[in-house]
Amino acid sequence: MDSIRIQGGRRLVGKIPISGAKNATLPLMIASLLTPETLTLKNVPQLADVQLLKRILGNHGVDYAVRGKRFAKEMPAGETLELSAHQIVDTTAPYELVSRMRASFWVIGPLIARMGEARVSLPGGCAIGTRPVDFYLQGLEALGAEIAVEGGYVIAKAPRGLIGARVVFPRVSVGATHTILMAAALAKGESVIENAAREPEVADLAECLVKMGARIEGAGTGKIHVQGVGALHAAEHSVLPDRIETGTYAMAVAATGGEVTLCGGRPDLLRAALDTLGEAGIDVTETNEGIRVARNGGPLRPVTVATEPFPGFPTDLQAQLMALMSRADGTSEITETIFENRFMHVQELSRLGADIRLDGQTATIRGVEKLTGAQVMATDLRASVSLVIGGLAAEGETVVNRVYHLDRGFERLEEKLSACGAEIERLRA
Ligand code: UD1
């Protein structure tokens, strides 16, 4: 298994191009199941999760082609991916594939909407909490699907098609919103999705669905209206920039000091996180190219933050903020409200010398003078990158083991950071 070796203490100076968002790419790719015509996605990041989803969709009969291959050293826009679900050959999503990536469960929405049936494995356990699928099933039932769970599979049937309905989610779920939005696009009549996720990735999916002929209003707000249509058609859509990647590199620069422009980063996608960095004493400026983040010798002030659904502070930046605050001049408090077990990085950051105490869902972080390099273990995607931030800010050598988690969501991480002066390299197993 590959690992990443970092020699800490280098300031980051330069430019980092921001890739297309993983969390938008996945639902957009899944939306290709809704039409027999070709969906063309631009600015697709090269990530392990994207590769895996290509395989999963291929299993259902989706053909894909990559246009505009790029050269290694160029700072490119992402790939262009053409997805054609001309014929759905299989409506089963098997355990072997779904268990490797939770988001693949979302195929249940388009499959039942277009084919009237779907058999999708339950995603199974996940390192950051139980993450059930009850909201998805309640939503599909509201649209008229018959649902049964047998042998670890959800079997959904709607032989006469889905029927528009009012779906009220008990709490905000990004995945359930994506899934019901896709299903409602092809249902008969009007659907209203209430307490919908307002994440920019939901709005991006809706924008693409509208280009495919869907009738959707209100995406990006808590209430989405969908007027079902008989069929969707070909479209071309460019994936929006990755706000989590943007926030991650912003926090890396805040931790090491320096000055970096996050090219293509969009401040409106991560206002809460940028405001938090401002509170911590980091200079954040909007420029023509994107977002410039600078910390030139000033103190790092502690912050108190709770994760929240968009537009609040994202849970996907919680671990990175904790790594940053472990060096602050004072005591910070970070409360996780989205997932019940998203603190695995605490033990590993402690190995670098961080002083973090956990009490239920709240972590109290007392800033320390210095972090020192150590061997650490990546446990999930965002936790892994918090260890990279810790390693960049630490004195001496840090080795982050099990980096396959990082490859799921961060494109060319070592390349992007070393171009800004970080001493970071991949050790291939
Ligand atoms: C998505 C993101 C993930 C992010 C998360 C929250 C992708 C690929 N993943 O995950 O990076 O951390 O949103 O912003 O976009 N829940 C239920 N029942 C359900 C569905 C969800 O109880 O049927 C709970 C979950 O356990 C969790 C909360 O709702 O506590 C929010 O989860 P959700 O928004 O669904 O996360 P994902 O869509 O899986």
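Read the numbers this way: they start at 1 and go in the same order the structure lists the ligands and their atoms. Note that these values count all heavy atoms, side chains included, but never hydrogens, waters or copies made by symmetry. Just so you know, these numbers come straight off a predicted model, no measurement behind them.
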Enquirer: Applying a 4.0 Å heavy-atom criterion (strictly less than), which segment of W106 is in contact with ligand 1: side chain, backbone, both, or neither?
Expert: side chain
Enquirer: Any N/O of E199 closer than 3.5 Å to an N/O of ligand 1?
Expert: no
Enquirer: For ligand 1, is there an N or O atom under 3.5 Å from any N or O atom of L26?
Expert: no
Enquirer: Any heavy atom of P132 sitting closer than 4.0 Å to ligand 1?
Expert: yes
Enquirer: How about T307 and Q318: does a side-chain donor come under 3.5 Å of a side-chain acceptor?
Expert: no
Enquirer: Does any N or O atom in A176 lie less than 3.5 angstrom from one in ligand 1, N or O only?
Expert: no
Enquirer: Kindly give the heavy-atom pair with the smallest separation between L28 and C208, and that separation in Å.
Expert: CD2-CB, 3.4 Å
Enquirer: Does a side chain donor of either T315 or E336 reach within less than 3.5 Å of an acceptor in the other side chain?
Expert: yes
Enquirer: List every atom of ligand 1 that sits less than 4.0 Å from any heavy atom of Y136, numbering the atoms from 1 in the order shown and giving each element.
Expert: 20 (C), 23 (O)
Enquirer: Measure from NZ or CZ of R119 to the centre of the six-membered ring of Y153, then state whether that distance is under 6.0 Å and the direction lies within 45° of the axis.
Expert: yes
Enquirer: For ligand 1, which atoms have a heavy atom of R102 less than 4.0 angstrom away?
Expert: 39 (O)
Enquirer: Check each heavy atom of T315 against ligand 1 and say whether those closer than 4.0 Å belong to the side chain, the backbone, both or neither.
Expert: side chain
Enquirer: If you count the atoms of ligand 1 from 1 in the order shown, which ones are under 4.0 Å from a heavy atom of G175?
Expert: 35 (O), 38 (O)
Enquirer: May I ask you to list the atoms of ligand 1 that are less than 4.0 angstrom from any heavy atom of V172?
Expert: 31 (C)
Enquirer: What I'd like to find out is whether the side chain of E286 reaches to under 4.5 Å of the side chain of I291, using heavy atoms alone.
Expert: no
Enquirer: Do you see a donor-acceptor pair shorter than 3.5 Å between the side chains of Q46 and E79?
Expert: yes
Enquirer: Tell me which one of L53, N23, T179, L381 gets a heavy atom nearest to atom 7 (C) of ligand 1.
Expert: N23
Enquirer: For ligand 1, does R171 get within less than 4.0 Å through its side chain, its backbone, both, or neither, judged by non-hydrogen atoms?
Expert: side chain
Enquirer: Report yes if some N/O of I338 lies less than 3.5 Å from some N/O of ligand 1; otherwise report no.
Expert: yes
Enquirer: With a 4.5 Å heavy-atom cut-off, do L317 and P314 have their side chains touching?
Expert: yes
Enquirer: Minimum heavy-atom separation for R243 and E199, please, with both atom names.
Expert: NH2-CG, 3.3 Å
Enquirer: Measure D316 to ligand 1 on non-hydrogen atoms and call it side chain, backbone, both or neither using the 4.0 Å cut-off.
Expert: side chain
Enquirer: Between E236 and K211, is the closest basic N to carboxylate O distance under 4.0 Å?
Expert: no
Enquirer: Report yes if some heavy atom in the side chain of T92 is under 4.5 Å from a heavy atom in the side chain of V120; otherwise report no.
Expert: no
Enquirer: Go through ligand 1 atom by atom and flag the ones less than 4.0 Å from a non-hydrogen atom of R342.
Expert: 12 (O)
Enquirer: Please check whether R382 reaches ligand 1 - meaning an N/O of the residue sits under 3.5 Å from an N/O of the ligand, judged on distance alone.
Expert: no
